[in-house]
Number of protein chains: 2
Amino acid sequence: MKRKITLKQIAKELDVSISTVSKALRNSIEISEDTRQKIQAFAKLYNYRPNNIALSLKNRKTKTIGIIIPEIVHHFFSKVITGIELVANKRGYNVIVGLSNESFDKEVINMQMLANGSIDGFILSIAKETLQQQDYHHFTETINQGMPIVMFDRVVNEIPCDKVIVDDVKGAKEAVEKLITNGCKNIAIITTKDYVSVGRLRTQGYLEALEDHKINAKSSLILKIEDKLMSDDHIDKLENEVEQLFESNKDIDGVFAVNELYAVTAIKVARKLGLKIPNDLQVISFSDGVLSRHSTPSITTISQHGQAIGEKAANLLINRLEAEEVDYDDETEEVYETVVIETNLTERESTK
Amino acid sequence: MKRKITLKQIAKELDVSISTVSKALRNSIEISEDTRQKIQAFAKLYNYRPNNIALSLKNRKTKTIGIIIPEIVHHFFSKVITGIELVANKRGYNVIVGLSNESFDKEVINMQMLANGSIDGFILSIAKETLQQQDYHHFTETINQGMPIVMFDRVVNEIPCDKVIVDDVKGAKEAVEKLITNGCKNIAIITTKDYVSVGRLRTQGYLEALEDHKINAKSSLILKIEDKLMSDDHIDKLENEVEQLFESNKDIDGVFAVNELYAVTAIKVARKLGLKIPNDLQVISFSDGVLSRHSTPSITTISQHGQAIGEKAANLLINRLEAEEVDYDDETEEVYETVVIETNLTERESTK
DNA sequence: TAGAGTTGCGAAAACGTTTTCGTGTTAAGA
DNA sequence: TCTTAACACGAAAACGTTTTCGCAACTCTA
């Protein structure tokens with residue numbers, strides 16, 4: 001019922017000025033021992049805490065980080081959030097989350113909602129629709145207004161900001177090389193259409209690995225899935241496409257999937273067709289999820305370390321925020337960093 | 001570089017007063033057509049947006065909801081967030097997320113960080129440690145300060161607030177009845193220690209179902225897992241316990257698991273012991289996750305509808321927030337609602 | 001005892017809004 | 001020509017802080 005107590009109320013109650021109360025609570029030496037004790041006791045009694053909003057207004061900083069991600073029901077993204085929240089909290093920041101649902105409009109609106117003073121900076125991963133439309137004005141505008149951005153995973157080079165990524169090419173290459181080493185002769189890739197940058201890069205890694213080992217890539221072994229099929233409603237269409245892949249390439253003995261769902265679908269279809277894992281078919285997936293660890297057989301993965309990505313992104317952002325205070329808008333050209341988080345191969349039952 | 005533009009700057013630039021600018025932008029009839037147009041054009045040019053923090057301070061409301069959950073890397077919780085974010089956004093609110101990591105202290109600290117003006121109300125699910133310690137003072141204090149709370153899933157009755165829960169007893173009962181109907185004679189339950197309320201309630205549902213069908217519950221068929229084993233590090237200890245369960249009860253033909261991980265572990269162990277699913281053993285899990293849908297065999301579940309829970313919780317909270325405005329702290333006793341979201345059985349391959 | 005220094009506190013500005021209440025100017029009515 | 005009303009705008013307060021500055025009332029020192 002009783003609203004939170006304010007400096008003004010304490011001042012009135014104790015018959016001193018607001019300034020005195022403020023100083024007393026911050027242990028200023030200007031205030032006599034006596035009054036200081038009196039005020040602090042009173043404040044403690046009424047459980048006084050400074051109003052955050054007022055502080056934000058006064059200091060022109062909110063100590064809050066805005067996160068914009070495509071979706072949250074996704075192991076990778078929630079791991080990243082965990083990482084961000086961890087260091088944010090440790091460094092005295094809060095975290096406010098906006099979901100773009102892969103939609104350009106929602107991304108723009110969400111950013112506008114937050115950019116009006118609610119937060120000090122953004123950490124984000126770009127929506128697929130935005131990547132398709134290649135319209136990045138909302139990012140540049142935000143940056144021009146002096147609000148720093150850190151991008152992770154899905155990034156675009158033309159935006160001047162810090163970035164945290166995994167080396168998709170290298171990771172994919174490592175996966176495919178593992179398959180080759182394990183004796184696979186006909187390795188298929190299940191990937192996304194090229195406008196999804198991670199899909200494109202992982203496909204590139206696949207091709208490079210083949211090339212390095214003097215294996216000719218066959219286009220029939222490259223299955224590029226239309227993105228709409230990621231949703232659970234279209235799971236059977238996805239299965240169909242994968243089944244066709246196997247049917248028309250009976251000699252496939254290795255699959256590299258760019259995400260967990262594709263991998264698990266490949267395994268399901270392969271089994272239906274009578275293939276034994278890992279004897280007839282070996283599978284490696286790019287991922288950081290629970291599916292590969294707990295499904296049967298468990299799936300060998302290139303893991304992305306989502307939490308590490310989140311931690312790094314948060315540190316980059318907060319470092320920049322707190323550096324600004326000293327640098328005080330000097331005219332030195334900003335220099336941005338792109339941090340690559342190493343992936344690593346976790347072997348499980350889907351490979352020999 | 002250039003900070004966001006303010007009313008004051010526009011006023012100065014156009015040589016009018018701040019009030020005039022404010023009124024012009026809000027289309028007040030006090031302002032002449034001429035100046036209004038001029039000001040609006042200027043504001044549009046410089047992309048003026050009112051500073052949210054200033055508005056929050058003035059209006060004494062932030063249009064922001066605080067979410068405190070035990071963890072975010074969890075399908076159920078991220079689904080709930082999705083639901084909250086959906087209606088929050090639709091109704092003009094933002095969402096700020098704090099993670100308790102199941103720790104009492106982090107829960108308290110997170111709530112204190114947010115309760116100092118940063119948000120208008122909480123939506124939360126209680127940390128396990130808090131449930132164990134049964135110390136709820138931070139909730140009551142928050143409520144006493146006039147900040148409404150909506151609890152979901154893990155709730156305690158003694159806190160006066162709106163609640164959104166699933167009928168755990170009923171859902172569990174339905175699951176077990178399904179197993180019975182399907183011919184299972186020796187149904188085991190894999191659940192958590194009793195201090196986790198959902199574990200306790202689901203165990204209760206299990207017992208009720210057995211009783212209703214005149215089946216004697218056998219304590220050897222009730223496996224209560226210590227909570228620490230949920231983490232991925234202890235996955236083998238979990239497997240051991242489950243294996244012991246099967247070894248010492250060779251006649252088990254049905255398993256009801258209170259979460260996905262237990263179910264998937266049960267299946268894994270059962271297979272290792274040579275049991276066929278669903279012929280020798282049928283499994284039903286309480287869950288809303290991706291594991292049950294995509295693992296092989298896919299798992300029949302009692303689904304919790306996390307998103308619906310989130311939506312309902314957000315609507316309850318926002319309704320209360322916006323009702324307060326009119327009621328204006330009248331002394332009518334607050335009356336709180338407990339909404340039960342219906343679970344339902346989704347049949348998959350792990351049952352006949 | 002006059003001047004200087006110390007001590008303890010308050011007034012006011014600032015952060016960026018919105019809104020109430022004036023107030024000066026002009027137009028209309030008597 | 002005088003009063004009144006309409007019109008267009010500005011001053012100021014308020015939201016809750018922090019901080020700079022000023023100023024009394026002391027306490028020393030010479």
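Model, not experiment: these values are computed from the prediction. Just so we're on the same page: letters track the sequence lines, and every chain starts at 1. Below, each value reflects all heavy atoms present in this structure, side chains not excepted, and no hydrogens, waters or symmetry copies.
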Set of salt bridge (Lys or Arg N to Asp or Glu O under 4.0 Å) partners for [X], sequence neighbours left out:
X	answer
B:Arg26	none
A:Arg91	A:Glu322
A:Lys163	none

Taking only residues two or more places apart in sequence, or in another chain, which ones meet [X] in a side-chain hydrogen bond (donor to acceptor under 3.5 Å, both in side chains)?
X	answer
B:Asn94	none
B:Thr130	B:Glu107
A:Asn27	A:Gln40
A:Gln134	none

Main-chain N/O of A:Ile53 paired with A:Asn51 side-chain donor or acceptor, under 3.5 Å: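 Yes.
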
Any residue of residues 113-122 of chain A with a heavy atom less than 4.0 Å from an atom of DNA chain D: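 Contacting residues: none.
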
Residues touching DNA chain D, which here means a heavy atom under 4.0 Å, drawn from residues 33-40 of chain B: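 By residue number: B:Thr35.
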
What pairs of donor and acceptor atoms, side-chain ones from residues 152-161 of chain A against any protein atom, are under 3.5 angstrom apart with sequence neighbours left out?
unit_1   : atom_1 : unit_2   : atom_2 : d
A:Arg154 : NH1    : A:Glu102 : OE1    : 2.9
A:Arg154 : NH1    : A:Ile126 : O      : 2.8
A:Arg154 : NH2    : A:Glu102 : OE2    : 3.0

Check residues 18-25 of chain A and write down every donor-acceptor pair under 3.5 Å in which the side-chain atom is one partner and the other belongs to a residue at least two apart or another chain.
unit_1  : atom_1 : unit_2  : atom_2 : d
A:Ser19 : OG     : A:Ser17 : OG     : 3.4
A:Thr20 : OG1    : A:Ser17 : OG     : 2.9
A:Lys23 : NZ     : A:Glu30 : OE1    : 3.2

Nucleotides 10-19 of chain D: protein proximity per nucleotide (B base, S sugar-phosphate only, - neither; heavy atom, under 4.0 Å): BBB-BBBBBB

